[in-house]
Each structure stands twice: as structure tokens, then as C-alpha cells.
Amino acid sequence: MPTALITGYKGFIGSYLYEQLRNEGWKVFGMDLPQDVGKKRDWQSILSCGPVNYIFHLAGQLDDYYEGKPNFASYIDVNIRSIALMFEVIAENKIPIKKILVASSQSVYGEGDNKNEFDKLEPLSLYGASKAAMEQVFITLGRNLKIPSIALRYSIVLGPGQKYKDRDSRILPCFVKMAEDGLITIHEDGNQTRDFINIHDLIDAHLFIAKNDDINYGPINVGSGTTTKVIEVAEYIANKFNAKIYPSGKKRINTARNQTMNINLLKTLGWKPRFTWKDAVDEYIKAGF
């Protein structure tokens, strides 16, 4: 029976992964608040609970600077320091980890469409910069300790369970909330391009990569491989609530206008998405948000 540790297992993506691994017969340990991935003693505590074969390190400092919170050091403490602490505990205790997957982001690329894993990284936000630095630390230590280490560069994830926070938060709960109120206000003109991946495909990609012995090091783009305009998502949701759409012209700071990824590497390895962003929207609404 494979055994896994998921950090951030109470979060949106982590909770889906936790459930799927349990359904497939894995033994799963979870690490989440009040445990702190930025503290070595918490890594020691959780990794001493039993033999762990795989680590899915999903916990991280989210991109919240657009809210006006200059918590710059927290990106370093959480997104980078946690990687070093994790490997310290593994090395000191000689834990025989088979593979580690960490959550990265398309934000490492900055502006541009169809970015692949060999393109130059030019992040626009501290979040993206911290993820880019995290990848370097992560893959370097993985190679040094001979532990297969893969950074998954997520596109924008959609699915049931995402929570509405405010009108600058995640696109799906944000647009649905505004549609209920009769008007979806979108940034800029709505023609910004994005890649939206269904949560079920993202979880499937985690398991595919974890189980594939041919995937050992480096970053991998994980998305739908389909370019979608933001206004297309707004229109699809607006039609379900008979709502109107208003392009505000306002631009979010430190955010790319166009940002999509090429997923040919992952497809070449044998994985492809099975669902669409429209499936995610439909499921989200049917589930009652």
C-alpha cells in the first residue's frame, strides 16, 4: 500500500487529492494549519508518524498582494523555506521517499501564450517569483538527494468547493456570485487569455505523474491546453443567470494580460485532460457552489 503525505490537505486542491488517494487505497497523512510548513519541528512531527513514500507539497503562500497586503517575506518563508526544511528532515532521518510533487504555477512565466517548460521565466508578481525560486531549490535538492522531484505548474483551476471571498478572488465563485446579483463586472475588456483546468483533471494528473517512473525531475505544465478568453467564461455563466456583463477596463496589478501554457510534454508522456472548464462551471452550480 503506497503511503502519502499531503501538505495543505484541507484546501481546495488538497481535499480533492486526499479523497482520491484514499479512494484508491493509499494510506494518507495530512499536514495543514495549525501545523506550519515553515517550521522544521512540524515537518519532523508529521514525517515521524509512519513510513511515507510520496509527498504532495501543496501548501503555499497564495497570491494576495493585489489586495494591498505587502507580506513580502511570507512568500519566501512559506514557498521556499518550507522546501529546504522538508528536505532537511528527509535527509537527517534518511526517509526513503520515492517521489515528491510540489504545486507551482503558470505565474512563473509572466506574460505570454503557449509557454512551455523551456521558456524563460519572467514572473510579474512576487508570488510568481517565489514559485520560480522554489522550483530551483526543490529540483536541486531533489537531484542532490536522488529523490525524484517534480514541480507542477498549474494553470487556473476550476471546480466545486471553491469559495467566494471578494470580487477580485477566484474567477468561478466570483463570477457566479456576481451573476446571482445580475451583473458580472470583468477586468479590462474581457479578451485576456487564460487556460482553465478542471479540478478532476488536475487531480488525475497528480496521480499519473506520481505513478509514472519515467517522470522524475523538472517542471511540468498542467493545464487543459485550451486557450479561453475571460469574457467567454463570463458569458457562459451570465447566460445561466440571465445576468449582464460589464467590462470595467480596470487592470489587476502585477498580472499578465495573456497567460497560457503548452501541455505537449505531459501529453507526450501519456496524459490528457478529460473534462472542460464548462464541465467545472456546471458542476459548481449544480453542487450549490
Side-chain angles (χ1 to χ4, degrees), residues 8 11-14 16-17 56-58 60 62-63 66 79 101-125 127-132 134-135 150-162 169-175 186-187 190-209 215 218-234 236-237 252 254-269 271-281 283-284:
F12 170 56
I13 297 170
Y16 272 91
L17 181 59
F56 298 87
H57 184 24
L58 310 186
L62 300 178
D63 192 0
Y66 63 87
N79 294 343
L101 278 66
V102 301
S104 189
S105 167
Q106 65 180 5
S107 296
V108 300
Y109 292 115
E111 180 73 39
D113 282 321
N114 200 38
K115 295 288 189 175
N116 65 52
E117 291 84 353
F118 302 101
D119 281 330
K120 184 178 180 180
L121 305 186
E122 299 179 299
L124 300 176
S125 65
Y127 171 75
S130 69
K131 286 293 187 179
M134 177 210 72
E135 289 184 5
I150 302 95
L152 278 60
R153 292 174 176 167
Y154 301 163
S155 66
I156 299 173
V157 189
L158 304 182
Q162 290 183 302
S169 61
R170 294 184 175 113
I171 187 171
L172 178 53
C174 180
F175 279 9
I186 56 180
H187 291 95
N191 289 310
Q192 310 93 294
T193 57
R194 294 290 185 269
D195 180 306
F196 300 103
I197 185 171
N198 190 298
I199 182 63
H200 300 300
D201 282 330
L202 182 68
I203 297 307
D204 181 65
H206 280 76
L207 271 69
F208 174 82
I209 293 168
I215 307 175
I220 293 183
N221 292 342
V222 184
S224 70
T226 301
T227 297
T228 304
K229 292 182 179 179
V230 170
I231 199 167
E232 294 178 55
V233 181
Y236 187 76
I237 294 173
R252 289 177 64 172
N254 306 327
T255 303
R257 175 170 171 80
N258 299 310
Q259 192 169 67
T260 62
M261 298 187 301
N262 181 312
I263 63 166
N264 286 346
L265 174 58
L266 190 52
K267 290 172 72 174
T268 299
L269 292 166
W271 180 88
K272 63 180 180 181
R274 296 178 296 139
F275 303 98
T276 68
W277 64 262
K278 290 183 179 179
D279 295 329
V281 171
E283 188 179 359
Y284 179 88

Please report the shortest heavy-atom distance between [X] and [Y], naming the atom on each side.
X	Y	value
Y236	K278	CE1-CD, 3.7 Å
S104	K131	OG-CB, 3.9 Å
G110	A256	O-CB, 3.8 Å
I199	P160	CG2-CD, 4.3 Å
G223	P273	O-CG, 4.4 Å
A205	L266	CB-CD2, 4.4 Å

I'd like to know if the side chain of [X] and the backbone of [Y] have a donor-acceptor N/O pair within less than 3.5 Å.
X	Y	value
Q192	H187	yes
N79	G60	no
D201	F275	yes

Looking at [atom1] of [X] and [atom2] of [Y], how far apart are the two atoms once the value is rounded to the nearest 0.5 Å?
X	Y	atom1	atom2	value
N191	N258	CG	CG	9.0 Å
F208	I215	CZ	CD1	5.0 Å
Q259	K115	CD	NZ	9.5 Å
I171	I237	CD1	CD1	7.0 Å
R257	R194	CZ	CZ	9.0 Å
D195	N221	CG	CG	9.0 Å

Holding to side chain to side chain donor-acceptor pair (under 3.5 Å), I want the full list of residues that pass it with [X], two or more places apart in sequence or in another chain.
X	answer
R153	Y109, E135
D113	T193, T260
H57	T7, S82
Y16	none

Problem set entry | side chain to side chain contact (heavy atoms under 4.5 Å, CB included) assessment of I203 paired with I13 | CA-CA 8 Å; I203 297 307; I13 297 170; 4.1 Å; yes
Sequence neighbours excluded, which residues qualify as side-chain contact (heavy atoms from CB on, under 4.5 Å) partners of [X]?
X	result
E122	K120
L152	L101, I150, Y154, H206, I209, V222
A132	V108, L121
N262	N114, N116, N264

Are any of the side-chain heavy atoms of [X] and [Y] separated by less than 4.5 Å?
X	Y	value
V157	R170	no
W271	D204	yes
V281	L172	yes
L265	F118	no

Exercise. Side chain to side chain contact (heavy atoms under 4.5 Å, CB included) between R274 and N198: does it pass, once the steps are laid out?
Worked result: CA-CA 9 Å; R274 296 178 296 139; N198 190 298; over 6 Å; no
Seminar exercise, completed: residues 225-234 vs side-chain hydrogen bond (donor to acceptor under 3.5 Å, both in side chains), sequence neighbours excluded, gives T228-W277
